[in-house]
Amino acid sequence: MSAINTNFLSLERNYLFAEVARQVREYKLANPDKSVISLGIGDVTMPLPRCAVEAIGAAAAEMGAADTFRGYGPEQGYDFLRDGIADYYRLRGVELESREIFVSDGAKSDLGNILDIFDRGIVSLIPDPVYPVYLDTNIMAGNKVVYAKADESNDFLPMPDYKIDADVVYLCSPNNPTGAAYNAAQLGMWVDYALAKGAVILYDAAYERFIKDDLPHSIYEIEGAKECAIEFCSFSKTAGFTGTRCGWTVVPDALAVGGVKLNGLWLRRQCTKFNGVPYIVQRAAQAVLSDKGLKEIDVNIDYYRRNAQIISGALCDAGVEHCGGKNSPYIWLKCGCDSWDYFRTLLCGAQVVGTPGSGFGKCGEGYFRLTAFSSYENTLEACKRIKSLYRKI
Ligand code: PLP
């Protein structure tokens, strides 16, 4: 009998982005004269908004003075930020109590850690393709994974299948990698499904601020969602916090499984295994959610939106079928061949890096993801190269 968690042995050998980085490194070593532009990994390039930088400075000064220094904070976040997040939801007509909001060091940790409060071996319904963390964390936990296929036939937005009895359902809207986002009626169908099956929706809203159309930003805009959904959100992409680390998770009071409230379980889990987000970072996050802060981050988001439009325009010119880019920073294109072959074609032929769709799930095969997170100049140059490559092939 092995003492290790052998579920880890069932994981794919390489994490997608590590493999992309490895292949790019090899290419650069072999071609030191070529300049490579990345429209690949989903990291931001715009610096932190002014308001966040100022808040960090002020909080650092507080931490350096004996009478304002703070040690351990509340595991679930300082009230000033939990209240700020509740106010942010109120802007969309969603009423939450601060105690339903848990400040985190980003959505990724909580999306993985949330499985602590569920049984081992549960049935997890996971969209395909999607952010790989959902799948990998379920494999690590030894859960049974069932896929909800996202393809052209459903506009990359899988809908409930009542033949499947899921315990948890992952929804990511706007979706990484396809950029597809659910409307209220579609989310309503997922809420109906979860309520009928006693399933819990794990709703990843990390890209909600990119939504331009009249679509829900939070699952709690849908009636009944507080009884069946946990929501994860992040300052990473909206406010440039990928390196600063802050996000939040909402576990509504009304959410119970088998009569047990999940809010209490998550509080217990966090108090045991998590010691909170740095005070300095929470002050920065609070500043982002102020009126001034929201205006500042929207300027950055508009910058990325313009990049997305440039990419989409270039793909149209090159006659490449694609979607996304409107309500998300991701453009999902049909490459018409093996995703990794396309990756190498783009890298070697245009020195542009993207992400093979197959890395996000089986249904991603034949597709490719480009992101709008590069600089404007690099995006323009990459698009020029892609168009020129298509003229040659
Ligand atoms: N959820 C999705 C869909 C993502 O694409 C990402 C990051 O790329 C995350 C969550 C992780 O966000 P964070 O930086 O807050 O951990």
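We're numbering straight along the sequence, starting at 1. Counting convention: from 1, in listed order, for ligands and their atoms alike. Keep in mind that this is a model prediction, so the values were computed, not measured.
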(request) Select one of side chain, backbone, both or neither to describe which atoms of Y207 lie under 4.0 Å from any atom of ligand 1, heavy atoms only. (result) side chain
(message) Does R82 qualify as a cation-pi partner of F102, given the criterion of NZ or CZ under 6.0 Å from the six-membered ring centre and within 45 degrees of its axis?
(response) yes
(message) If I apply the N/O under 3.5 Å rule, does R245 come out as touching ligand 1?
(response) yes
(message) Checking a contact table here: which protein heavy atom is nearest atom 8 (O) of ligand 1, and how many Å away?
(response) K237 NZ, 2.7 Å
(message) Donor-acceptor check, side chain of N307 to backbone of A372, threshold 3.5 angstrom: yes or no?
(response) yes
(request) With heavy atoms only and a cut-off of under 4.0 Å, state how C172 meets ligand 1: side chain, backbone, both or neither. (result) side chain
(request) Report yes or no: do R283 and Q286 form a side-chain donor-acceptor pair below 3.5 Å? (result) yes
(message) Same cluster or not: L171 versus I222, using hydrophobic residues (I, L, V, M, F, W, Y) connected whenever any side-chain heavy atoms lie under 4.5 Å apart?
(response) yes
(request) Establish, from distance only, whether the side-chain atoms of Y203 and E208 form a donor-acceptor pair under 3.5 Å. (result) no
(request) Give the residue, atom name and distance (to 0.1 Å) of the protein heavy atom nearest atom 14 (O) of ligand 1. (result) S236 OG, 2.6 Å
(message) Going by the closest heavy atom to atom 2 (C) of ligand 1, which one wins out of T244, N176, D204?
(response) D204
(message) Any nitrogen or oxygen of Y131, side chain or backbone, less than 3.5 Å from one on ligand 1?
(response) no
(message) Is it the case that ligand 1 has an N or O less than 3.5 angstrom from some N or O of S234?
(response) yes
